Engineer: 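Sharing a structure with you now.
Predicted model, so just to flag it, every value in this text is computed and none were measured. Chain naming here is simple, since letters A, B, ... match the order of the sequence lines and numbering starts at 1 in each.
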2 protein chains.
Amino acid sequence: MPAFHTYKNPALATDLVVFGYQDKALSVLLLNRKEAPFKNGWTLPGAFVGLEETLAEACRRILDTKLGLRSIYLEQLYTFDTPNRDPRGRVISVAHFALVSQGKLTAVAGKMANDVRWFPVTDIPVLGFDHRQILSAAQERLRAKILYQPVGFELLDENFTMPELQDLYECILGHSIDRRNFRRKILDAGFVELTGEKKEGLQNRPADYYNFNKKLLPQHFHLNL
Amino acid sequence: MPAFHTYKNPALATDLVVFGYQDKALSVLLLNRKEAPFKNGWTLPGAFVGLEETLAEACRRILDTKLGLRSIYLEQLYTFDTPNRDPRGRVISVAHFALVSQGKLTAVAGKMANDVRWFPVTDIPVLGFDHRQILSAAQERLRAKILYQPVGFELLDENFTMPELQDLYECILGHSIDRRNFRRKILDAGFVELTGEKKEGLQNRPADYYNFNKKLLPQHFHLNL
DNA sequence: CCAAAAGTGTTTGCTTTACACCCATGT
DNA sequence: ACATGGGTGTAAAGCAAACACTTTTGG
């Protein structure tokens, strides 16, 4: 039986679109490359896939070692194979996207290597490889996904207020939503519940804290926003 | 600059879920393997990806040479990487699905190799590798996709009647739909138009022929069926 | 007491659902 | 004429959009 990994196959890599939410803006982690190609240019974090690891494991390895992020939401996005996407040779990349909650985000903020930076999605520099295209695909996926799966909570703290959740939705969807209708639709979907606590210390009426009800929920719904 | 394709990478393949619609049933093309592993068992058609071809090109190559099918709808589905999905070694497969129109389907019916057969999706044999899982993912994608992109037409003839289109939708979605509401929603979506011809020769009132209006349409809609 | 932002409910209009009748053909 | 399946319209219900007032805090 032949050893298939000795065949002349394209090389296999993963690239990661890591989303975070901070200062009321959706952001992405970008890496400043120290080597050619695209030396000193910005790209998505990525790596080649080893023989002994799954795609998810390769992604976790990048997240852990390069970015200091553990146990965060991860999902396969799409496989990119444009012939000259990598000037070094034929590399096919299985892109993934990840979501970092505000808690994890601030926890590792200090430890981050200085060649890694958050960029708001509204202000992305020129990216190397085909990473602009990958990023756009990830944004599109996130936009679609947030309407039928409880994925927004991966970007917030465990406790969040309704206005915070709405801000996040508006950031991702790119348009504003009526407060009252938003609240009703989210509550009708039934995957958040009041914690009983309130967010105090603001200059106005305290907001109720909610959290994501992980147990008794339908894993799939449909929001019309 | 190193030659990346000499790295120890997992091998890269594609597997194809080819859908057809015949005898009022959604069907899939399966291949009877002549070699181990899964000798004499049924699997999806597939192949390793060469260094000089894109994923889509690899798929077209399979479709053309193994199945005699040209210029049909093709879309990337998902990349499967379970560690032991292939007993021969580490193979990662970028699954695709394809849609064969009734015209093409009958045109090549005779030329098909005798180790290739159509199976209605309601009656699929045990499949080798992880192909059962791939097939299920493809069905799910098709179900979702048919509701917001004009993809059903890829499975029918150029001209089709409203009842034919409805039968197809019911097959894919797995439930029945009210005739009058179906008709209205399809027409409201605005991507079909009357040809003026009628399907005659039945034992009852002739049905109007429609065709898919490829030009002046929004490529994206939403059907609530 | 004023400004700022959070919480709540109601009315209006549209979309979806459910459903019944007429029409064209072959036998 | 009758059986079969195709074409059309309408009334009722459910859902989404628009919108105004009250509440709680800090200054």
Engineer: Picking from B:Ile62, B:Thr14, B:Asp15, what satisfies side-chain contact (heavy atoms from CB on, under 4.5 Å) with B:Pro45?
Structural biologist: B:Ile62
Engineer: Between A:Asn224 and B:Glu164, which is nearer to the 5' end of DNA chain D once each is assigned its nearest nucleotide?
Structural biologist: B:Glu164
Engineer: With a 4.5 Å heavy-atom cut-off, do A:Phe119 and A:Ser27 have their side chains touching?
Structural biologist: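 Side chain of A:Phe119 against side chain of A:Ser27, heavy atoms only: no contact under 4.5 Å found.
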Engineer: Can you name the side chain to side chain contact (heavy atoms under 4.5 Å, CB included) partners of B:Arg184, sequence neighbours left out?
Structural biologist: B:Asn181, B:Asp188
Engineer: Give me the one residue out of B:Glu75, B:Glu140, B:Glu154 that meets salt bridge (Lys or Arg N to Asp or Glu O under 4.0 Å) with B:Lys145.
Structural biologist: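 That would be B:Glu75.
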Engineer: Can you confirm whether B:Ile134 sits close enough to B:Val17 that some side-chain heavy atom of one is under 4.5 Å from a side-chain heavy atom of the other?
Structural biologist: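 A side-chain contact exists here, since the closest heavy-atom pair is under 4.5 Å.
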Engineer: B:Phe129 pairs by ring pair (Phe, Tyr, Trp, His ring centres under 6.0 Å) with which of B:Phe38, B:Trp42, B:Phe80?
Structural biologist: B:Phe38
Engineer: What is the distance from CG of B:Leu223 to P of C:dT15, rounded to the nearest Å?
Structural biologist: 14 Å
Engineer: Output the rounded distance in Å from CG (B:Asp188) to C1' (D:dT8).
Structural biologist: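 Spelled out: CG on B:Asp188 to C1' on D:dT8 is 14 Å.
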Engineer: May I have the distance from A:Tyr209 (atom OH) to C:dA6 (atom P), rounded to whole angstrom?
Structural biologist: 12 Å
Engineer: Between C1' on D:dG6 and CZ on B:Phe160, what's the gap in Å once rounded to a whole number?
Structural biologist: 16 Å
Engineer: Testing the 3.5 Å rule here: is there a donor-acceptor pair between the side chains of A:Thr161 and A:Lys198?
Structural biologist: no
Engineer: When you measure from the centre of the six-membered ring of A:Phe182, is the NZ or CZ of A:Arg180 closer than 6.0 Å and no more than 45° off the axis?
Structural biologist: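 Geometry flag: not set, cation outside 6.0 Å or 45°.
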Engineer: Identify the residue among A:Phe153, A:Tyr210, A:Tyr148 that makes a ring pair (Phe, Tyr, Trp, His ring centres under 6.0 Å) with A:Phe191.
Structural biologist: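 Single pass found, and it is A:Phe153.
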Engineer: Report the distance from atom CG of A:Asp167 to atom C1' of C:dA6, rounded to the nearest whole Å.
Structural biologist: 13 Å
Engineer: Tell me which residues in residues 178-186 of chain A lie within less than 4.0 Å of DNA chain D, going by non-hydrogen atoms.
Structural biologist: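 Heavy-atom contacts with DNA chain D come from A:Asp178, A:Arg180, A:Asn181, A:Arg184, A:Lys185.
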Engineer: How many Å lie between NZ on B:Lys199 and P on C:dC23, as a whole number?
Structural biologist: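 So the NZ-P distance, B:Lys199 to C:dC23, works out to 24 Å.
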Engineer: Using atom NE2 of B:His222 as one end and atom C1' of C:dT15 as the other, report the distance to the nearest whole Å.
Structural biologist: 12 Å
Engineer: Between protein and nucleic acid, restricted to nucleotides 25-27 of chain D and to nitrogen or oxygen atoms under 3.5 Å apart, what atom pairs and distances do you find?
Structural biologist:
from, atom 1, to, atom 2, distance (Å)
D:dT25, O2, A:Gln203, O, 3.3

Engineer: Nearest nucleotide by nearest heavy atom, which residue falls closer to the 5' end of DNA chain D, A:Leu225 or B:Met162?
Structural biologist: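 Of the two residues, B:Met162 wins.
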